[in-house]
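The structure appears below as structure tokens.
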2 protein chains.
Amino acid sequence: MGRATIHDVARAAGVSVSTVSKALNDNGRMAAETRARIKQVAEDIGFRPNALARGLLFNRSFTIGLLTNDTYGRFTLPVMAGVSEALVDKGVSVFLCAIEDDPALGKIHVDAMLDKQVDGIIATGKRIDRSLPVDLSGLPVPVVYAFTQGAPDSVTLTSDDAQGAGLATDWLLGIGRRRLVHVTGPQDFASVRERATAFRAHAGAGAEVLCGVWAERWGHEAVAQLWERDGEKPDGIFCGNDQIARGVIDALRERGIRVPQDVSVIGFDNWEIMADQARPPLTSVDMNLKELGKEAGRTVLALAEGKIIEPGLRKLPCRLVVRQSCGGGSA
Amino acid sequence: MGRATIHDVARAAGVSVSTVSKALNDNGRMAAETRARIKQVAEDIGFRPNALARGLLFNRSFTIGLLTNDTYGRFTLPVMAGVSEALVDKGVSVFLCAIEDDPALGKIHVDAMLDKQVDGIIATGKRIDRSLPVDLSGLPVPVVYAFTQGAPDSVTLTSDDAQGAGLATDWLLGIGRRRLVHVTGPQDFASVRERATAFRAHAGAGAEVLCGVWAERWGHEAVAQLWERDGEKPDGIFCGNDQIARGVIDALRERGIRVPQDVSVIGFDNWEIMADQARPPLTSVDMNLKELGKEAGRTVLALAEGKIIEPGLRKLPCRLVVRQSCGGGSA
DNA sequence: TCAAGATGAGAAAAGCTTTTCTCAAAGAAT
DNA sequence: ATTCTTTGAGAAAAGCTTTTCTCATCTTGA
């Protein structure tokens, strides 16, 4: 019972364990024929080295911890998938630690990870301007922050909100829209402020920004505000997330305004389930969260291997996913 | 550098490592005063035993693997959180393995988990009538399936679709609705069939079931079908998910039909972000996925400890979350 | 006072893998 | 034929913790 050990292979091949080890790791000197035979026996027997024993020996567990306080959101899941994907072919597995917003739970999880000798920790959350309720400074392993507020002098990865906003704004300008408005979320989000600044920089200082909440009804309401006052109406609306965009599109339709013929709308997040189901489907800025997760994985691994990575905030570019709500597609 | 080992504690306390071990684990015979002193030293020094070494010794890694092919969906995240929560205070950590729908990737992850000597594996997915693209039978560790199709003779946990549908139907009947309709997703989903059967059993064999797709526009369309034909109109609509319910509510509003005064609507999934933002907020059936995850965690741990759990399909009850789309709330 | 029992603490082995040393045998060169 | 070199393979230690023995010392009873 149990899994085959290197001793089983040695016995089956009629050699010593050290010879088996050397054969399998292409180490040491030995007859090529012996090496091949041992490899064959190991394969036949289904031997795979015990990672616990290797970890003990190398002081390296080939394991990292992923800490998140977001158990429902749509942001962390792609990040996690990216981390997992980046590390799996390096033989590194990922501990998932859901800590809610509970500092005590956070500490328990961090201690458990350290006990298990993780090679590093990635912290991720639901908002890039809030930090996790747990102190990760002074740990004996490297820490990388992804899509959450990092400690000073740490390596922190986020999406580039300004660049994403610029992408959307330029696209609207590129297809000939001139009267642009940005309808977005609450101003206390750093993302909101950064996107708004970039929007104004690209669209012109006079371009209007309406802050509200992250909800469809705010999209409705913003359209009402914009259309029920005097003056020129916008012909391009860049929204702070896909839900707001969804509300905007619905409100425009209810007013008989055609999207994209009369007004172009762009969302943010590229939340497929929302963007695809909007009528018309929503052009949206994608934050490349999976890519961000991959990068976080690669980075923490590099740090674990002793490579020097300059600390600081690194912003990864967004991309624009073109659907029909905007016009100007290549089709 | 590195973490303190039991040898460091022994040296600091002026005793042997075996004495330290016995002191900390409340094992063996020794002077109470010695024991207390050693414990104090260990605490001061910040000693925590190396889980790799313990794992090697006990043939137990205090680790389980969580396999999922759902990297974007909203079903697995609460399941994962539940698993993590159930196991953290047993000292068990969870490996997250995102395998997409790739059998090769699945095998790699399973092998990696076995290498790391996981005590068990939980498989979870995005659909309870599809199985993961990887064979988990004949593994040397116990496997529990949660919210995905399990192998024959395995322990499989899902939500009780029939009971959930019954809950919703009875609620509608209980508040006096008599002309009920069930608007749901594609019939090739087992969940759809099961809920429909339960709906008919509770609402009467003649009660109508409309199958379509899992999308808002289908909710719209179903309302159009129902209202644009002759005969009595429904006064209670039970929807197969919250997106459909959302479409139904919007379509009713557009027709001037009041929810909940004229028609009661109930959704399924209790997807907060959708249910809360509907106008009015949606009463919905919650599958208790976090609870399901917890149960899966407890079960796999029990199996890992050698307890006998009868194999088979276990269905965990749903609950109804009452908001305003239905009337009949206690308020 | 001597033997027997109780008590406290250390030595060693096990769990699995890898690496460094060591050693023996075979082949080559003188 | 003898010595040196090369080659092939095994022994042992390290990495950390726990448990089972074993041993020495102290106490107690006869």
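Every chain is numbered from 1, with letters handed out A, B, ... down the list of sequences.
Here A/E85 pairs with A/K290, A/K294, B/E100 under the side chain to side chain contact (heavy atoms under 4.5 Å, CB included) rule; sequence neighbours left out.
Look at B/S18 and you won't find any side-chain N or O under 4.0 angstrom from OP1 or OP2 of D/dT19. In this model, the phosphate group of D/dA9 is not approached by any side-chain N or O of A/T19 to a distance below 4.0 Å at OP1 or OP2.
Ranked by how close their nearest DNA chain C nucleotide is to the 5' end, A/R29 and B/A32 are led by B/A32.
Listed by first then second residue, pairs satisfying ring-ring contact (aromatic ring centres under 6.0 Å, His included) with a partner in residues 88-140 of chain A read A/F95-B/F95, not counting sequence neighbours.
Taking atom CZ of A/R35 as the reference point, atom C1' of D/dG10 lies 15 Å away to the nearest angstrom. When the P atom of D/dA9 is taken as reference, atom CE of A/M30 falls 5 Å away, rounded to whole Å. When the C1' atom of C/dT18 is taken as reference, atom CZ of A/R60 falls 16 Å away, rounded to whole Å. The nearest whole Å value for the distance from the CZ atom in B/R11 to the P atom in C/dG10 is 14 Å.
Checked against C/dG10, D/dG10, D/dA9, the side chain of A/A31 finds its nearest nucleotide in D/dA9.
Within a 6.0 Å sphere centred on CG of A/D89, heavy atoms belonging to other residues, nucleotides or ligands number more than 12. For CG of A/D153, the number of neighbouring non-hydrogen atoms (other residues, nucleotides, ligands) closer than 6.0 Å is 12 at most.
One donor-acceptor pair, N or O on each side, does fall under 3.5 Å between the base of C/dG10 and the side chain of B/K22.
Side-chain contact annotation: A/N288 with A/R319, donor-acceptor N/O pair under 3.5 Å present.
For the pair A/S61 (side chain) and A/Q117 (backbone), a donor-acceptor distance under 3.5 Å is present.
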Between N or O atoms, less than 3.5 Å apart, protein on one side and nucleotides 15-17 of chain C on the other: list the pairs.
unit_1 : atom_1 : unit_2 : atom_2 : d
C/dT17 : OP1    : A/N50  : N      : 3.2
C/dT17 : OP2    : A/I6   : N      : 2.5

